[in-house]
A.B. asks: 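This is the structure I have questions about; it appears just below.
None of the values given here were measured: they were computed from a predicted structure.
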Amino acid sequence: MKIEIINGPNLNLLGQREPGIYGSESMETLLDSLRRRYPEIAFTYYQSNVEGELINRMQEKGFGAADGIIINAGAYTHTSVALHDCIRSLKTPVVEVHISNIYQREEFRHRSLISSACKGTICGFGMDSYRLAVEAFVG
């Protein structure tokens, strides 16, 4: 099984950015943990602060190059019709992930424009949200 993890804007700063919200674990640490826990899965990772680059990557992986895509679209979650349309066009299922509980944050974060295009949404479990998304594909 191949799972692509895609992170959007500012998530390159995980482990440094607002640890009270996002924790102190880096994405590299999480990826190491996932690879140890799921040795049968080939994980690939991509992060960009640019919406079009995220779309290009999803299109690259979403037609058979990956068995599942986990996306944390960051702030684009709440603004991007383009990401929504991209996810709907893919053959590969996509699970939306958020580290924080977006419903306990600012009101503008309460609405996701991509949720309806995704297989499911996981939020509020810190970095463990990514593991829970993996379980959605293997469980």
A.B. asks: What's the spacing between I69 CD1 and R57 CZ if we round to 0.5 Å?
C.D. replies: 9.5 Å
A.B. asks: Got a sec, which residues hit side-chain contact (heavy atoms from CB on, under 4.5 Å) with E53, two or more places apart in sequence or on another chain?
C.D. replies: Y46, S48, V50
A.B. asks: Mind checking whether V95 and T121 have side chains closer than 4.5 Å, heavy atoms only?
C.D. replies: no
A.B. asks: Report the C-alpha distance between H84 and S116 in whole Å, list the side-chain angles of each, state the deciding distance to 0.1 Å, and finish with yes or no for side chain to side chain donor-acceptor pair (under 3.5 Å).
C.D. replies: CA-CA 8 Å; H84 171 272; S116 64; 3.3 Å; yes
A.B. asks: Does any non-hydrogen side-chain atom of I6 lie less than 4.5 Å from one of M58?
C.D. replies: yes
A.B. asks: Could you tell me which residues satisfy side-chain contact (heavy atoms from CB on, under 4.5 Å) with Y45, sequence neighbours excluded, listed by chain and number?
C.D. replies: I5, N7, M27, L31, Q47
A.B. asks: Could you list all the side chain to side chain donor-acceptor pair (under 3.5 Å) pairs where at least one residue sits in residues 70-82, not counting sequence neighbours?
C.D. replies: E51-S80, N72-Y130
A.B. asks: According to side chain to side chain donor-acceptor pair (under 3.5 Å), does anything in residues 31-41 pair up with another residue at least two apart or in another chain? List the pairs.
C.D. replies: Y38-E135
A.B. asks: Got a list of side-chain donor-acceptor pairs under 3.5 Å for residues 85-92, not counting sequence neighbours?
C.D. replies:
unit_1: S89; atom_1: OG; unit_2: C86; atom_2: O; d: 2.6
unit_1: T92; atom_1: OG1; unit_2: G62; atom_2: O; d: 3.2
unit_1: T92; atom_1: OG1; unit_2: A66; atom_2: O; d: 3.1

A.B. asks: Which atom pair, heavy atoms only, marks the closest approach of V97 to A133?
C.D. replies: CG2-CB, 3.6 Å
A.B. asks: Are any non-hydrogen side-chain atoms of M1 and V138 less than 4.5 angstrom apart?
C.D. replies: yes
A.B. asks: So F43 and V134, do their side chains get closer than 4.5 Å, heavy atoms only?
C.D. replies: yes
A.B. asks: Given side chains that start at C-beta, do those of L14 and E28 come closer than 4.5 Å, heavy atoms only?
C.D. replies: no
A.B. asks: For D128, give me all partners under salt bridge (charged side-chain N to carboxylate O under 4.0 Å, His left out), at least two apart in sequence or on another chain.
C.D. replies: R131
